[in-house]
Amino acid sequence: MKLLILALLAGELSAPPARAAETVPVPAVSAAVPGAGFFASDLDLAGRGYVEQEFFYGGRANVYDATVAPGIGARPTPSPTANIVSADHPYRTRMVVRRPARAQDFNGTVVVEWLNATSQYDVEALWFRTHEFLMRDGYAWVGITAQSAPITNPTLGLKAFDPQRYGSLDLTDGGTLTSGDPLSYDVYAQGIQAVRHAAVLGGLRTRVRTVVAAGVSQSAGRVSVFTNAIQPRGRAVADAVLLYVGGERMRDDLRLPVFKVLSETEFASPPTSGANEISSLQPDTGRMRTWSVAGTSHSDWASFAVRYALLKRDQPTAPLRDTCARPSRSRIPDRYTLSAATDHLVRWARHGVPPPTAPPIALAADGTTVRRDAHGNALGGLRLAPFAVPVALDTGVNENPPGGTGLCFLNGTHVPFDRATLNALYPTAFTYRWRFAVAVAGNVRAGYVLPADAAEMLRDAQASLAGRDLECGPLCANVAQFPIQPSTQLLRDHTAFLYLRGGEPLLRTLDRATLAVARGRNAEAVRLLETYRVQLRTTPATAGQLQLLDGYAAELIARLA
């Protein structure tokens with residue numbers, strides 16, 4: 001015992017994660033709500049050994065004097081510990097739970113996502129990016145509606161979607177608290193308490209070892225204030241914090257680890273946009289880590305594509321295309337680095353093993369301008385293999401067209417290199433694949449990518465046209481989104497991001513179709529797309545997914561014929 005005390009005093013051992021605070025009450029939780037709720041997953045959860053349930057919960061919440069910076073919540077000064085302004089405000093909200101069906105498949109970690117409210121409806125931004133990793137590795141995921149707009153928006157909110165199912169939800173104390181979501185912090189904290197102490201995880205509850213509080217963009221800003229201002233009031237209800245593409249500077253005296261992962265957009269967006277993080281950057285410490293992933297965009301392509309069928313089903317007025325000045329959404333797969341960061345964060349919280357560091361994105365002498373190479377790609381930063389061995393301009397920068405409106409500054413840019421550039425960089429396909437494999441090995445060795453994701457990157461690289469003296473025209477290029485420019489590579493992305501069981505033959509068929517189009521063999525491409533449609537019928541997928549993918553294949557066939 002004496003040696004243990006001395007080791008703790010010397011800082012050689014990490015203190016165990018704090019247990020949930022008794023001062024944060026466990027809310028009253030309903031039984032699982034029957035039927036499919038908003039954005040009920042269209043992934044093959046059962047085939048992966050997962051179940052999905054929705055619960056309503058409620059209680060009494062405090063109002064605090066904590067404030068949140070606009071946009072993604074970036075702020076150079078950490079929020080101080082908050083004070084209670086008023087108490088005993090009733091609320092009722094919901095949580096969505098996706099978890100392993102069998103206790104033996106659960107890895108002991110629950111990721112509790114503060115659902116993003118920017119679009120005025122609940123966006124499962126972290127789940128959309130990392131669903132394959134979470135299910136592959138046995139995580140439980142919980143999404144919490146902590147803000148009022150996704151409930152009350154007259155056209156997009158939960159009550160508009162299903163007034164009978166969601167009519168009782170309220171985060172405004174009967175309409176008396178209508179701005180700023182002041183109850184959100186206690187709503188989120190009590191939701192975590194329900195994860196720990198109520199029955200929302202079924203038989204998994206007693207096996208919970210680590211709870212990760214997580215937010216993306218706007219909700220990362222909220223979670224950062226929750227971590228800085230609310231959790232220090234007592235023992236933390238979470239064991240670790242994951243902030244993606246947002247959040248203020250974190251306090252130096254926090255007892256739990258915080259991992260912030262940024263895209264290039266948070267360095268390259270205008271300082272007045274509400275999405276620039278440069279002023280909030282801070283050194284890595286024993287409790288803080290920041291990774292900045294070069295070439296990635298704040299609003300990514302994979303998570304946008306994977307929700308297409310959900311949007312068509314539950315939000316049919318939502319756009320499926322960007323109207324930006326340049327082809328939008330970087331194709332650099334930030335989801336792999338986000339998965340690796342989550343894996344590191346859990347080991348950091350449980351065992352005190354700090355994650356590796358990563359270099360920052362390179363800035364010019366003015367401290368605000370991103371330095372770029374001859375192709376326009378950023379220098380410095382964490383460089384995933386598809387960016388270190390580039391086949392395109394991939395940036396975190398874009399803008400609205402003249403006279404246009406929207407959030408294009410968040411979407412980044414993707415423009416494939418032309419044939420001459422690809423030939424100069426990669427004289428042969430072997431040259432490209434060798435360099436790519438070396439870069440992937442470096443990513444894994446550095447801890448930036450998990451081995452399973454590295455294998456996926458290598459498989460995708462095999463299908464690249466780099467080094468083949470070919471260039472995709474409009475019907476096979478990976479540019480923009482399918483409604484703007486239908487192509488075989490875009491259809492491949494829509495198929496790949498769903499991670500369908502038995503879906504590998506679909507991807508191989510589409511790769512052959514891309515090669516046929518690039519070689520000018522349209523009739524061969526049509527036959528391959530017809531084969532793809534036949535393969536779809538025997539692949540486990542939801543009706544919405546099948547309708548989307550088959551419809552896109554049919555459109556391509558019509559254009560190629």
Side-chain angles (χ1 to χ4, degrees), residues 13-20 48-50 97-100 103-114 124-127 129-144 188 191-193 195-196 201 204-216 220 223-224 226-227 231 235-244 247 250 254-262 284-291 293 334-358 382 443-444 446-454:
L13 296 177
S14 297
R19 293 184 179 274
R48 300 295 298 273
Y50 268 67
V97 176
R98 298 182 186 126
R99 59 171 177 82
Q104 57 264 41
D105 296 331
F106 178 44
N107 70 4
T109 297
V110 188
V111 176
V112 183
E113 179 175 358
W114 184 312
E124 303 165 352
L126 186 67
W127 170 264
R129 286 168 167 86
T130 60
H131 61 88
E132 168 63 13
F133 156 72
L134 294 173
M135 290 191 287
R136 183 183 71 208
D137 283 19
Y139 286 80
W141 174 90
V142 175
I144 289 179
Y188 185 64
I192 293 177
Q193 288 290 66
V195 168
R196 289 191 181 274
L201 294 182
L204 307 187
R205 181 176 64 82
T206 59
R207 295 174 178 245
V208 173
R209 297 178 60 195
T210 309
V211 174
V212 176
V216 176
V223 172
S224 68
F226 170 77
T227 305
Q231 291 215 112
R235 286 189 173 182
V237 296
D239 302 306
V241 176
L242 178 64
L243 305 174
Y244 184 60
M250 305 308 296
L254 295 175
R255 296 186 59 197
L256 75 175
V258 179
F259 209 134
K260 182 183 283 190
V261 182
L262 300 176
D284 289 337
T285 68
R287 286 294 186 216
M288 181 72 203
R289 190 69 82 245
T290 302
W291 283 358
V293 190
D334 58 347
R335 64 190 184 280
Y336 298 146
T337 300
L338 191 54
S339 298
T342 305
D343 184 76
H344 285 300
L345 181 59
V346 172
R347 285 188 279 119
W348 199 8
R350 286 188 189 173
H351 308 298
V353 180
T357 60
L382 189 159
N443 288 162
V444 174
Y448 302 151
V449 172
L450 299 173
D453 294 326

Apply the test side-chain contact (heavy atoms from CB on, under 4.5 Å) to residues V195 and V97: give CA-CA distance (whole Å), side-chain angles for both, the deciding distance (0.1 Å), then the verdict. CA-CA 9 Å; V195 168; V97 176; over 6 Å; no
Testing the basics here: between A214 and L126, what is the closest heavy-atom pair and its distance to 0.1 Å? CB-CD2, 3.7 Å
For R289 and T285, the nearest pair of non-hydrogen atoms, with its separation, is NH1-O, 3.2 Å
Step by step, work out the side-chain contact (heavy atoms from CB on, under 4.5 Å) result for R287 and V258. CA-CA 6 Å; R287 286 294 186 216; V258 179; over 6 Å; no
If you take all heavy atoms of A140 and L201, which pair is closest and at what distance? CB-CD2, 4.3 Å
Shortest non-hydrogen pair, L204 vs A103, comes out as CD2-CA, 3.4 Å
Please confirm whether the backbone N or O of F133 pairs with a side-chain atom of T130, one donor and one acceptor, at under 3.5 Å? no
With side-chain contact (heavy atoms from CB on, under 4.5 Å) as the test, would you mind laying out the steps for L338 and L242 before giving the verdict? CA-CA 9 Å; L338 191 54; L242 178 64; 4.3 Å; yes
R98 side chain vs M135 backbone, donor-acceptor pair below 3.5 Å: no
Let's go through L450 and R136 carefully: what are the C-alpha distance in whole Å and the side-chain angles of both, what is the deciding distance for side-chain contact (heavy atoms from CB on, under 4.5 Å) to 0.1 Å, and is it a yes or a no? CA-CA 12 Å; L450 299 173; R136 183 183 71 208; 3.8 Å; yes
Is there side-chain contact between L345 and P257, with at least one heavy-atom pair below 4.5 Å? yes
Return yes if some donor-acceptor pair links the side-chain N/O of Q231 with the main-chain N/O of F226 below 3.5 Å, else return no. no
Donor-acceptor pair, H344 side chain versus G447 backbone, under 3.5 Å? yes
For Y139 and V111, work out which heavy atoms get closest and say how close. CD2-CG2, 4.0 Å
Are any non-hydrogen side-chain atoms of T342 and V212 less than 4.5 angstrom apart? no
K260 side, atom NZ; Y244 side, atom OH - distance, nearest 0.5 Å: 13.5 Å
With a 4.5 Å heavy-atom cut-off, do H131 and R335 have their side chains touching? no
Which of parallel (below 30°), tilted (30 to 60°) and perpendicular (above 60°) describes W127 and W141? tilted
Nearest 0.5 Å please: distance from the CG atom of L382 over to the CG atom of N443. 7.0 Å
Testing R196, R347, R350 for salt bridge (Lys or Arg N to Asp or Glu O under 4.0 Å) with D239, which one passes? R196
Would you please classify the geometry between the W114 ring and the Y188 ring as parallel, tilted or perpendicular, with 30° and 60° separating the classes? tilted
Restricting to salt bridge (Lys or Arg N to Asp or Glu O under 4.0 Å), what partner residues turn up for D284, sequence neighbours left out? none
Return yes if some donor-acceptor pair links the side-chain N/O of W291 with the main-chain N/O of P356 below 3.5 Å, else return no. yes
Closest non-hydrogen atoms of A125 and E113, given as atom of the first, atom of the second and distance, are N-OE2, 3.0 Å
Inter-residue atom distance T109.OG1 - D343.CG, 0.5 Å rounding: 9.0 Å
